[in-house]
Structures are given as C-alpha cells and as structure tokens.
J.: 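This is the structure I want to talk about, given as structure tokens.
What's counted below: heavy atoms across the whole structure, side chains too, no hydrogens, waters or symmetry copies. The residues of the chain are indexed from 1 along the displayed sequence. Just so you know, these numbers come straight off a predicted model, no measurement behind them.
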Amino acid sequence: MSSNQPRLTAGEKAQLAWYVARMAKRGLADDRQYGGRVDQSDLQRKFDRVIAQARKREERAKNSKNAK
C-alpha cells in the first residue's frame, strides 16, 4: 500500500465498495450518446470523504501512540 493511502476498516471498505458499485451502475445507465449526462460528482465526493476520514483516523492513532 502506498504511503498516502490509509489502512481501511471493514466498514470503510464496505462503504467504498458501495459507492464504486453505484458509480458503475450510473455509468452503465449513461448511453454516452449525448455527451455523458450522468453526474457522479456526488458519489465521488462521498468516496473522497471516506478516504479523508480514514486518513484523519490514522493520524489521530499515530499521534496518540507517539504521545504515550
């Protein structure tokens, strides 16, 4: 795993898998005939938020471990 990717909990992995599946479903629903009108930015923001929360959780754990 790269250094900028946090370790994910089982719940976080499940959330991310759900968002990826929903993005794929929307992608399949888009026929691309009219320039890709299906907007997935809301799901991308949710995905990014889960990753950001995981990073913060790891940072807090690291800081609390170093404080002891």
Side-chain angles (χ1 to χ4, degrees):
M1 208 178 260
S2 67
S3 62
N4 63 349
Q5 291 297 325
R7 295 184 66 97
L8 301 172
T9 64
E12 291 165 344
K13 287 178 185 178
Q15 277 185 319
L16 293 178
W18 176 253
Y19 294 142
V20 168
R22 288 182 60 196
M23 284 187 237
K25 185 177 177 183
R26 284 187 188 178
L28 290 172
D30 186 13
D31 63 0
R32 303 274 185 214
Q33 183 177 0
Y34 300 107
R37 293 183 179 178
V38 176
D39 182 32
Q40 296 190 13
S41 63
D42 61 328
L43 294 175
Q44 185 63 48
R45 280 192 309 270
K46 290 177 183 182
F47 186 94
D48 294 340
R49 190 178 312 130
V50 171
I51 297 293
Q53 289 171 346
R55 284 189 184 118
K56 287 180 185 178
R57 177 184 41 76
E58 274 199 342
E59 190 64 32
R60 283 192 309 262
K62 181 180 172 184
N63 289 339
S64 67
K65 193 176 206 181
N66 290 338
K68 291 182 180 182

J.: Could you state the interatomic distance from CG (L16) to CE (M23), rounded to the nearest 0.5 Å?
T.: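 Reported value, rounded in 0.5 Å steps: 8.5 Å.
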
J.: Apply the test side chain to side chain contact (heavy atoms under 4.5 Å, CB included) to residues Q40 and R22: give CA-CA distance (whole Å), side-chain angles for both, the deciding distance (0.1 Å), then the verdict.
T.: CA-CA 9 Å; Q40 296 190 13; R22 288 182 60 196; over 6 Å; no

J.: Could you check R26 against D42 for side chain to side chain contact (heavy atoms under 4.5 Å, CB included), going step by step and ending with a plain yes or no?
T.: CA-CA 12 Å; R26 284 187 188 178; D42 61 328; 2.8 Å; yes

J.: Is there a path of hydrophobic side-chain contacts, each under 4.5 Å between heavy atoms, that joins F47 and W18?
T.: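 Yes; tracing contacts between hydrophobic side chains, which count when under 4.5 Å, links both residues.
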
J.: Give me the atom names and distance for the closest heavy-atom approach of L8 to A54.
T.: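 Taking L8 first and A54 second, the nearest heavy atoms are CD2-CB, 3.7 Å.
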
J.: Which pairs with one or both residues in residues 50-62 pass side chain to side chain donor-acceptor pair (under 3.5 Å), sequence neighbours excluded?
T.: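 For residues 50-62: E12-R57.
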
J.: Flag yes if V50 and V20 sit in one hydrophobic cluster, no otherwise; membership is Ile, Leu, Val, Met, Phe, Trp, Tyr, and two members link when side-chain heavy atoms are under 4.5 Å apart.
T.: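 In one cluster with V50: V20, yes.
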
